[in-house]
Protein chains: 2
Amino acid sequence: MANIRDVANRAEVSVSSVSNVLNNRTDQMRPETLARIRQSMLDLNYQPNRIAQQLKTGQTRMIGLLVPSIVNPSFAMLTREIDRVAKANQYRVLLGNTYRQADEEQAFLEDMFAHGVKGVIVVATAMDRPHFADAARQGLVMVNYDSLMSSDLSKGQPPFDSVSMDNVEAGRLATEHLIQRGCRQLAFATESSLTISRSHKIEGFFVAAKAHGLADRAHVIEGTAEVAYGDAEMTELGRALAAKILQASPMPDGVVAINDALGIGLMAGLRQAGVRIPQDISVIGIDNIPLADLVQPPMSSVIPPLGEMVNIMMHRLLTRIENPALAPEEFLFTPRLICRQSVIAGEPSPGE
Amino acid sequence: MANIRDVANRAEVSVSSVSNVLNNRTDQMRPETLARIRQSMLDLNYQPNRIAQQLKTGQTRMIGLLVPSIVNPSFAMLTREIDRVAKANQYRVLLGNTYRQADEEQAFLEDMFAHGVKGVIVVATAMDRPHFADAARQGLVMVNYDSLMSSDLSKGQPPFDSVSMDNVEAGRLATEHLIQRGCRQLAFATESSLTISRSHKIEGFFVAAKAHGLADRAHVIEGTAEVAYGDAEMTELGRALAAKILQASPMPDGVVAINDALGIGLMAGLRQAGVRIPQDISVIGIDNIPLADLVQPPMSSVIPPLGEMVNIMMHRLLTRIENPALAPEEFLFTPRLICRQSVIAGEPSPGE
DNA sequence: TTGAAAGCGCTACCAT
DNA sequence: ATGGTAGCGCTTTCAA
C-alpha cells in the first residue's frame, strides 16, 4: 500500500502538498502541480490511511448503531435506513446487538471510544441507565431512537437527542380506527415489562376509548415473554395472549397489539381457536414490519415515517459530532394508519 | 482522556513499562511496579487508544460484513451469529449493504482498507467479480458465505474461503421429501437470475426427480423479481408464480421454492386462488427464515446449520488474518429437513 | 505556491 | 527489571 510519502516522491513535491490535495486545499495550488499529484495518486492506487488521519484528527468516519437485536425486522429496517444515510455522508456503520442487556450496552460504548467513534445511534429499553450518561459526559454524541423521555423532565434535559414516533398518538390512532369501524369492546395486548414507548401507546389507547365513552370497555391484556427483544418471542407471546382474550368476558371485538410481531402471533392463535379475523375480532398492530403484509389476512398497522426519522437522526448526530456544544433536542413524529384487512369493514358511519 | 504518558507519569515509570503491561509482558516486572501501574490506570480511568495501537500494529479488532440487504431475515440471522462470535473474540462488526450492486461492494472493500480492517465476510451473488480478487491480492482476507464456486475449479483456487450449505443436497432433500409424501408432479419455483447456489438447488431437484423416475414430471417455473435481493420482492415473485403454477398442465402437486420468502408468497398466492395447502398442493421452502414458522400453514423447509457455519467462518477469518499465507479452503455443510405443515401427510410409504 | 518539521498515542527494539 | 527513542501515516502550523 502506497503512502503519502510515496505519492509525494513520485510527484516530486512534499508530503504537505499531497496532504493539501487530500484535504481539498487546492485553491492556492498551481494546476500543474495538482495534476501531477493527482496522477501520481492514480498511478500508485493510493488510498489515504484513515487510521493515521484519525490519530491526527481524532475523527473516524464511523458511527455506532446499538440495537436490541438485528433479527427483529423493525431494527433491520432501521439499520438499512441508517446505512443509507451514513453512506451518503461517507460514513460506515459499526453494529452491536445488546439483547437489551446493560453489560452489552456498556461494552459497546466503551469499544466506541476505543475505536475512536464519536457518535452512536442507540435503541435501548432504559436510556436512564448510567452508562449512557457516563458516555455522554465523556464526549460521546448519542441519538436515541424511540424512547422519548421528556415525560420526566424533572430530571432535566437528557444528554442525547431523542427521535421518536409519537407513541401516544400511535396508540390513539390504532384504537380510534377500531372504534370507527364499529368495535365496542376493546383490548390492548402487550408484553408486561414497560418501556416508555409501551406505556405511551397504552395511554393513547385509553385516550381514544375515553373520547368515545368506552373507558370501561377497554382493557389491557398482558403476558410475559421469555426474552423481550425478539420477534419470535413476541409472536409466541401473541399466541399465548390469544387464549387470554378468548377467556375474557365480555370478549373483545377489537384488539390493538403493542407491536406487529405480537399482533401476528395473536392472529395466529385466534385463528387456530376458530375465531375469524376480522369478522369475529379485529386486530391492528403498531410499527409495521414487512411481515404484516404477508400474513393472512394482511394486518392493519400504524407506522412511523422511518425514512424521515432516520434523516433527522443522522443529521443531528453528524452536526453534534462537529459541534458537541450544541444542546440535545427531541423530535416527535406523527404516525400514519395503514389499512389492510385485519380490521372489520364496519359501518360506514355517516359523519363521525 | 488520559493517555499512556499520563499513566506513566502518575506511576512514575516510563511509557515502555506501561506499554508492557498493556501487552501482558509482565513476567519480568516487579509486582510492585505492576501494581503501581495498574492503580494509576484505574485512577485515570485509562482506556488505551486503539487507533494509535492500530497505526502501529496495523491491526484493528474489527471485521467487515458485506450482505445484500440486512432486511432479509436470512442475513439478519447470519449477522447476529457473526456478531456473537466476533464479540467472543473481542471483535466488532462493520456492516455494509450492497443491494447486490458491484459498486457498493467495491466501495465497501475500499473502505475496509482505509479503516484498517483486515478481514471481511462476504455474501455476494458473483464472487468472481474482479474487485474481490483485487482486494484479496492486496491482502484482504475474505470468507464467502453460500456461493461455493468449486464447480469451476478450472480457474484455480479462489482467493478466499468458502462456507456453504450443500445446495445440491438441499434441493434434493426438499424434493425427496415431497416425493416421499406422495407428490408425483413436481415444480421448482425460482427467480430467473442464476446464482451458483440457485443452480445447485435446481440440480438437486432434478437428481431427486430422476432417482424416482419422475424426470419428465419435474419442471422449473421461474419469474423475474424487480430487485433480486429483498424478501419483499421474493414474496411478490412467489405470488406471481402461483398463477403460473395454476396454469401449468398437468398441475403440480408438490412445489419446491428456492427460498422461504418466495415459498411464503407462493402459498399466499395459491391460497388466494382457492387452493388448499397442503391438501391440493404441497409446498416446501429452502433456508428457513423465522417467518416460515409464523405463516399458515407453517412452512416446511430445509435449513443449514447456521451456528456451526458461522463458527467455522469466523475461525477461518481470524486465523487467516493472523497468517495470511494459509491457503483458502472450502467447507460444505449438510442441510437438515424441518417438517412443518405445508407438505401433505401422505402415504406412510412402507419401506422406501 | 510550496516545504520542513512537530506531534497524535502507541509499540518494539535496544540500552542500561 | 526498566527506560529512551524511532517511527507508524497523516495533518497542520510556520517559514520560505
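Chain identifiers are assigned alphabetically (A, B, ...) following the order of the sequence lines, protein sequences preceding nucleic acid strands; residue numbering begins at 1 within each chain.
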Does [X] reach a base, just sugar-phosphate, or nothing at all? Heavy atoms under 4.0 Å.
{"X": "Leu22(B)", "answer": "sugar-phosphate"}
{"X": "Asn23(B)", "answer": "sugar-phosphate"}
{"X": "Gln28(A)", "answer": "base"}
{"X": "Val13(A)", "answer": "sugar-phosphate"}
{"X": "Ser16(A)", "answer": "base"}
{"X": "Ser19(B)", "answer": "base"}

Grab the two heavy atoms, one from [X] and one from [Y], that are nearest each other, plus how far apart they are.
{"X": "Phe132(A)", "Y": "Val122(A)", "value": "CE2-CG1, 3.6 Å"}
{"X": "His115(B)", "Y": "Gln54(B)", "value": "O-NE2, 3.2 Å"}
{"X": "Pro158(A)", "Y": "Glu330(A)", "value": "CG-OE2, 3.9 Å"}
{"X": "Ile70(A)", "Y": "Asn97(A)", "value": "N-OD1, 2.7 Å"}
{"X": "Arg92(B)", "Y": "Asp111(A)", "value": "NE-OD2, 2.8 Å"}

Rounded off to whole Å, could you give me the [atom1]-to-[atom2] distance for the [X] and [N] pair?
{"X": "Gln54(A)", "N": "dC8(C)", "atom1": "CD", "atom2": "P", "answer": "16 Å"}
{"X": "Leu55(A)", "N": "dC10(C)", "atom1": "CG", "atom2": "P", "answer": "9 Å"}
{"X": "Arg50(B)", "N": "dC8(C)", "atom1": "CZ", "atom2": "C1'", "answer": "18 Å"}
{"X": "Lys56(A)", "N": "dA5(C)", "atom1": "NZ", "atom2": "P", "answer": "16 Å"}
{"X": "Arg5(A)", "N": "dG3(C)", "atom1": "CZ", "atom2": "P", "answer": "15 Å"}
{"X": "Arg25(A)", "N": "dT1(C)", "atom1": "CZ", "atom2": "C1'", "answer": "14 Å"}
{"X": "Gln53(A)", "N": "dG9(C)", "atom1": "CD", "atom2": "P", "answer": "17 Å"}

Sidechain-backbone polar pair: Thr98(B) side chain, Glu104(B) backbone, donor-acceptor under 3.5 Å: no

Salt bridge flag under 4.0 Å for residues Arg80(B) and Asp83(B): no

Ionic contact status for Glu12(A) with Arg36(A), cut-off 4.0 Å: no

Asn20(B) or Thr57(B), whichever maps to the more 5' nucleotide of DNA chain D: Asn20(B)

Heavy-atom contact window of chain B on DNA chain D, given 5' to 3' at under 4.0 Å: dA1(D) to dG9(D)

Side-chain touch Leu140(B)/Phe160(B), heavy atoms, less than 4.5 angstrom: no

Side chain proximity check, Ile82(A) to Thr79(A), heavy atoms < 4.5 angstrom: no

Within 6.0 Å of CZ in Arg129(B), more than 12 heavy atoms from elsewhere: yes

Distance-only donor-acceptor check, side chains Gln138(B) and Asp134(B), under 3.5 Å: no

Relative orientation of the end axes in the helix from dT1(C)-dA16(D) to dT16(C)-dA1(D), expressed as an angle to the nearest 10° (five pairs per end): 40°

Close residues, residues 31-43 of chain B, relative to DNA chain C [heavy-atom separation under 4.0 Å]: none

